[in-house]
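So you know, we letter chains A, B, ... as the sequences are listed, proteins then strands, and number each from 1.
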Protein chains: 2
Amino acid sequence: MAGRTTIRELAKLSGVSVGTVSRALNGYPDVARETRARILRLAAELEYTPGAAARTLVTQRSHVIGVFLETGCDHPDLQHPFFHEVMDGLKQAVGEGGYDLLLFAAERPGNGFVDQTYLNRCRHHDVDGVVLMGVWSEDPEVRRLVRSEVPCVGVDVDLGATAVLVGSDNVAGARMAVEHLHRLGHRRIATVTGLIETRPGMDRLRGYRTAIQALRLAYRDEYVVYGDYYVDSGSAAMAQLLALEEPPTGLVVQSDLMAVGAIRTATAAGLRVPDDLSVVGFDDMPMAAHMRPALTTIRQDKARLGREAAAALLRRIERSPDQPPTVTLPVELVVRGSTAPLGGIES
Amino acid sequence: MAGRTTIRELAKLSGVSVGTVSRALNGYPDVARETRARILRLAAELEYTPGAAARTLVTQRSHVIGVFLETGCDHPDLQHPFFHEVMDGLKQAVGEGGYDLLLFAAERPGNGFVDQTYLNRCRHHDVDGVVLMGVWSEDPEVRRLVRSEVPCVGVDVDLGATAVLVGSDNVAGARMAVEHLHRLGHRRIATVTGLIETRPGMDRLRGYRTAIQALRLAYRDEYVVYGDYYVDSGSAAMAQLLALEEPPTGLVVQSDLMAVGAIRTATAAGLRVPDDLSVVGFDDMPMAAHMRPALTTIRQDKARLGREAAAALLRRIERSPDQPPTVTLPVELVVRGSTAPLGGIES
DNA sequence: TTGTAGGCGTTATCAT
DNA sequence: ATGATAACGCCTACAA
C-alpha cells in the first residue's frame, strides 16, 4: 500500500539479484528470456517505478528539462499569451521524448543559504537541458549558464554561439506586414516596435526598415514608436502617432496585444479601423480572430517554436553535440478585418 | 569549472568532515560559530549547491510540486487562458516556499516498460505534493492518486475528502450575473453552461437556477444551453437560442471565451450587443476588457487560486495534515459594455 | 563540537 | 546468465 516498490523487493520476490532486475528492466540483452518475463510481469503487477532521484544520482541524467520563464517585473510572469503556447509545444515534445518539465520557481532552492543563480538552479536539479524565455541575454548569470556544461536553448533570445536560438522569421514577418499595407495602397506606414532590447523587437524593426527602403518609401523617424509588447504601450504609441502632422494610414504593430491597444486609442479618437487606419499585428494570438475588427496579423507558429526548442535540446542531449545554432520558423500573413485598401474600396 | 561542487570538496578544503559541513549548511545548532562561518564562506565562494537527487534520496523530500494540467484532447493543453494565470500564482507561491514546479509531460517516464499512472509519475519524481487541473475526477487512476500518500489539491476539480478543492465561488458568481441582468430590467435570461461534467460547470448552472427561482422568474429548459467553455460552443449555443420563439434578452455565459463566440454569432445575426442583447461572461480573462463591446463579466482571482492551491499544499506538507477540505474564493461582478438596461437607456 | 559510518534506490563493473 | 559490490551525494544517528 503505502510507500513505493523498490528494485530490491522485485529482486526478493522474483528470486534473483537486484542487478539482474535492473538489467531486465533496462532491456539489457544478457538476461534469460524467461527471467526477464517473470520480472517484467512482477514489475507491472506491483506497478514498480524506478525512483528518479536514485537513478539521477548514479547516471547523472535526470530526464528533466528546466524552464526559465521570466517576462519582467512590469508584467506578471506568464501573462503574455505567446509563452503559454510555446510551453504547450514544449511540453508535448519533451513528453514524447520521455522528459518532464521543471518550471523554476524557487529563488533559493537547496538550503537557501545563498541566492541561487541560473546555473546553480540547473545543477541543483541536474536538469539535462534548459529552455530560456524572456530572460535578458546580457545578464552575467545567464552568460555563465550558457557557457557551462548545461545545454541551453533560447526561445526568442540569442544566447550566443554555444546555445541554440529558436525563433520566428521576424524580419520577414515585419517585411510582409509592410508589403501587405503597401499593396493596399498605403504609403504612410508607421510601426510600433516591441521591446527593442529583445531579439524579436530588433528584428522586426529591421524588417520594417528593410521593407520601407525596398519599397522606396520615405523613412521617417517619427513613424517608429517604441513599445514593450503589452496593450498599454500600444495605446500610448497610437496617441503619439495621432498627434503627428501627417499621421500614418497604415500601422505595423509588432505584437497583437499592442495592436489591441492601438486600435482602441485610434477608435476613441474617432478613427475607424480599417476605413481610416489599417493595422496589422504580430503573433496571431488566440483572440486575434475574435476581435472586432478581427486582427490582420503575422502568425507565428508558437507551439512549433516550443517543439523545435525541445527537439534541439534533445538532439544535443542524446545525439550530436554540434548543432545548427539557429532554428528559424516561417511566419504567415493572416489577412482579416483590420486592414483595407487606402481610402476604402475604390477603383 | 566543469562539474559540481560536492559536500566532500567543501569538507576537504575547509578541513572538517562531511558531516560537519552538512550540519553547518543545514543550520544545525551544534556547530562552532567560527567553523560554520568558514564553511559558509567557502560554500558561497565555490557556489556550492546541494544536489537535489542525493538529498531527495535520503530525506524522501524533493521540494518539488507536481502539476497535472490536462484540458482535454479537443483543445490543446494549456490553451485556456484561465490555467496560465493559475500557474502564475502557483509558481509564485511555491517559489516563495522554496519549491519548484514539475510539469508532467512524459507519458511513460522511467524505463517506459509500462504506461505510467498519475500515482506512478508522482512517485517516480518523489513530488511532495501535486496540483491537478482539468482532470476527470472520476478517473480511477486519479482516485488512486488521491487515496495515496501524495498530498493532492484540485483546482476547480473535486477530488473528494482526502484532497483539497480550491475554486471560486461559482454559485455566487452565476447568481450575481443573473441578478445584474435582472436589475437592468431583463426577465428573459438564458445561460450557456460550461462543461457540465466539471465542478464549475455544474456550480455555475446551479447558481443560475437558484437566482432564477429567487427572483421568481420562470425557469425554462430551453434557456439552458450546454457548452464546453471554448469559443465555438458559445457560438453554437447562441445560434440555438436565437432560433427560439422567445429569445432571451439577457445571457449569462459561463466563460468569457464562450461569451466571445456568443456575441459574434449574435452580432452576425443582426443583433446589437448590448442594445438588443446583454451578455455577461465569466472569468475576466485578460482580453475581456479589450473586446468591443468590453465584456461585463464575473471576475475570478485566478492568480490567487494558484497561490491558495500552493498554500494548501505546503501547509499540508510542512504542517498540519488536517486541512479545510475546500478553499472558496470570492468573485466579483465587473460591469463593462456588454450589458445594458433592457430596451436601451430609458426612464 | 566534531568525526564516522550506514543507508537512501539505482546503475554498472566485476567476478563467477 | 547471474550475483556481489562499489559507487552516486547527501543526511543523520551514534560515537568520540
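- With sequence neighbours excluded, the residues satisfying side-chain contact (heavy atoms from CB on, under 4.5 Å) with B:L13 are B:L42, B:L46.
- For residues 156-165 of chain B, the side chain to side chain donor-acceptor pair (under 3.5 Å) pairs, not counting sequence neighbours, are B:D158-B:R199.
- Following rounding to the nearest Å, A:Y28 (OH) and C:dC14 (P) show an atom-to-atom distance of 13 Å.
- With sequence neighbours excluded, the residues satisfying side-chain contact (heavy atoms from CB on, under 4.5 Å) with A:T328 are A:D169, A:T326.
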- Query: So B:L40 and B:L25, side chain to side chain contact (heavy atoms under 4.5 Å, CB included) or not? Walk me through it.
  - Reply: CA-CA 7 Å; B:L40 284 180; B:L25 259 28; 3.8 Å; yes
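- A straight line from CG of B:L25 to P of D:dC10 spans 9 Å, rounded to a whole angstrom.
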All N/O donor-acceptor pairs, side-chain side in residues 307-316 of chain A, below 3.5 Å, sequence neighbours left out:
unit_1 : atom_1 : unit_2 : atom_2 : d
A:E308 : OE2    : A:R304 : NE     : 3.2
A:E308 : OE2    : A:R304 : NH2    : 3.4
A:R315 : NH1    : A:Q323 : OE1    : 3.2

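- At whole-Å resolution of the value, CZ in B:R55 and C1' in D:dG9 are 11 Å apart.
- With sequence neighbours excluded, no residue forms a side chain to side chain donor-acceptor pair (under 3.5 Å) with B:E9.
- Distance, A:N26 CG to C:dT10 C1': 9 Å, rounded to whole Å.
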Polar pairs (N or O, both sides) under 3.5 Å between protein and nucleotides 3-7 of chain C?
unit_1 : atom_1 : unit_2 : atom_2 : d
C:dG3  : OP2    : B:S17  : N      : 2.8
C:dG3  : OP2    : B:S17  : OG     : 3.1
C:dG3  : OP2    : B:T20  : OG1    : 2.7
C:dG3  : N7     : B:R23  : NH2    : 3.0
C:dG3  : O6     : B:R23  : NH1    : 2.8

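- Here C:dC8 presents its P atom at 14 Å from CD1 of A:I7, a figure rounded to the nearest Å.
- Against DNA chain C, the stretch residues 31-39 of chain B makes heavy-atom approaches under 4.0 Å through B:V31, B:A32, B:T35.
- A:S62 is linked by a side-chain contact (heavy atoms from CB on, under 4.5 Å) to A:T56, A:V64, A:D126, A:D128, counting only residues two or more places apart in sequence or in another chain.
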- Task: Taking Watson-Crick and G-U wobble pairs with both distances under 3.5 Å, convert DNA chain C into its dot-bracket string, 5' to 3', dots for unpaired and | for cross-strand pairs.
- Result: ||||||||||||||||
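- Going from atom CD of A:Q60 over to atom P of D:dC10 covers 11 Å, rounded to whole Å.
- Take A:E96 and apply the side chain to side chain donor-acceptor pair (under 3.5 Å) test, not counting sequence neighbours, and it matches no residue.
- Sparse packing is recorded around CZ of B:R8, with 12 or fewer heavy atoms of other residues, nucleotides or ligands lying under 6.0 Å away.
- Distance, B:D126 CG to C:dC8 P: 14 Å, rounded to whole Å.
- The interatomic distance linking B:R61 (CZ) with D:dC10 (P) rounds to 18 Å, in whole Å.
- Annotation: side-chain contact (heavy atoms from CB on, under 4.5 Å) contacts of B:E138 (sequence neighbours excluded): B:W136, B:R143.
- Shown here are the side chain to side chain donor-acceptor pair (under 3.5 Å) partners of A:R144, two or more places apart in sequence or in another chain: A:E141, B:E47.
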